[in-house]
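Let me begin by presenting the structure, written as structure tokens, before commenting on it.
Just so you know, these numbers come straight off a predicted model, no measurement behind them. Note that ligands are numbered from 1 as they come in the structure, with each ligand's atoms numbered from 1 the same way.
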Amino acid sequence: MGKKVRDRYHYSGAIHMHTTESDGTKTLEEIAAIGREVGLDFMMFTDHMGLTNREGGLEGIYGDTLVVVGYEHNDEADNNHYMIFGSPHVYPHDLTAKQYVEAARADNALGIIAHPIERRSREGKYPPYPWLDWSTDRFDGLELWNQMSEWMEKLKPYNQVVMALSPRKSMVGPTEEVMRLWDEFNQKGRYVGVAGVDAHAFPVDIGPFTVEIFPYKVHFKCLRTHLVLSKPMSKDLGTAKKQLYEALSGCNVYISNMRWGIADDFQFYAHQGERTVVCGENLPSVENVEIEVKLPSRAQLRLLCNGRKLIETQADRLEYAVVEPGLYRVEAWKGRRGWIFSNHIRIGIE
Ligand SMILES: [Zn+2]
Ligand SMILES: [Zn+2]
């Protein structure tokens with residue numbers, strides 16, 4: 001379980017999935033068995049408006065896989081989908097988005113905005129459910145990349161057969177728009193960026209056929225969210241959950257599309273003298289700071305500062321002497337397909 005990379009421990013898992021308790025097509029136990037089989041280190045369940053799996057005692061460590069149960073809250077108009085983990089209960093349905101964001105914060109629960117910008121056609125059978133209430137900034141993070149949502153947005157009459165046959169290959173990456181939004185929020189505070197699978201395994205109409213595009217197993221070999229921990233994940237459920245939630249709220253995270261290679265040993269560090277920091281951490285000044293990046297294989301590697309591209313090169317490693325303070329992050333692309341996206345390291349800023 002997990003992988004030791006220098007003096008840190010990397011874990012990869014799947015966030016955002018639905019069971020038969022809402023609109024998914026398998027039970028939690030069935031889905032957890034699939035997750036175990038494909039080697040997920042953690043799974044975060046999010047049925048719509050319900051915590052029945054948690055109430056049924058189904059959180060736990062299944063083999064080597066940590067299973068936690070949160071839920072996806074939506075407002076009465078079915079917008080503003082919010083993934084909440086660790087809340088004492090499901091919040092009332094008549095709250096506004098701002099109110100349930102605040103309620104989760106007050107209860108010390110973890111809250112992540114699901115598919116913040118969703119743009120598919122409103123006319124069709126699968127309308128978009130965007131986030132609309134930007135009057136609050138009290139959430140913990142954004143789902144930068146949503147597997148089902150991107151797939152549905154890209155679906156056009158002329159490409160649907162190809163997309164149905166190779167759903168993982170057709171994923172492109174988080175949009176520039178969502179990355180800009182996320183970079184901007186991080187200028188004001190700490191907001192984690194995660195990948196969500198949004199697994200339901202429901203059938204989609206492709207022309208005259210009804211096809212199950214993303215069986216859970218395919219989902220779990222696609223978009224992953226990776227944690228970088230300073231200690232191995234505990235075998236005790238309560239402690240492991242705390243480690244998971246702290247790593248997420250602390251932005252010790254990167255995301256990947258596994259289709260282009262296992263990213264468990266992706267490395268992104270900033271060194272200053274004896275000190276080395278990872279995603280989510282900070283260094284107080286730019287003095288003698290050196291960034292180091294190592295990819296599992298060659299790719300188009302980008303280093304960004306405050307959302308601006310500093311370097312772009314075809315490589316599997318990079319060293320860079322920092323001159324300006326800011327929020328640094330890394331992207332790796334395989335051709336036109338996004339592969340790995342880090343969270344930020346903060347250098348010379350709070
Ligand atoms: Zn949703
Ligand atoms: Zn969902």
Exercise. How about Tyr191 and Trp182: are their ring centres within less than 6.0 Å of each other?
Worked result: no

Exercise. So is Lys334 actually on top of Trp339's ring, under 6.0 Å and inside 45° of the axis?
Worked result: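 Yes, a cation-pi geometry.
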
For this session: Take Asp47 and Thr19, measure what side-chain hydrogen bond (donor to acceptor under 3.5 Å, both in side chains) needs, and give me the verdict at the end.
Result: CA-CA 6 Å; Asp47 273 310; Thr19 76; 2.6 Å; yes

For this session: Please list, in chain and residue-number order, the protein N/O/S atoms closer than 2.8 Å to the Zn ion (ligand 2).
Result: His16 NE2, His18 NE2, Glu72 OE1, Asp198 OD1

Problem set entry | Which residues share a side-chain contact (heavy atoms from CB on, under 4.5 Å) with Glu184, sequence neighbours left out | Arg180

Exercise. Hey, does the side chain of Thr313 reach the backbone of Leu301 with a donor-acceptor pair shorter than 3.5 angstrom?
Worked result: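 Looks like no, no N/O pair under 3.5 Å.
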
Problem set entry | Phe268 and Phe266 aromatic ring geometry - parallel, tilted or perpendicular at 30°/60° bounds |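 Ring orientation of Phe266 relative to Phe268: tilted.
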
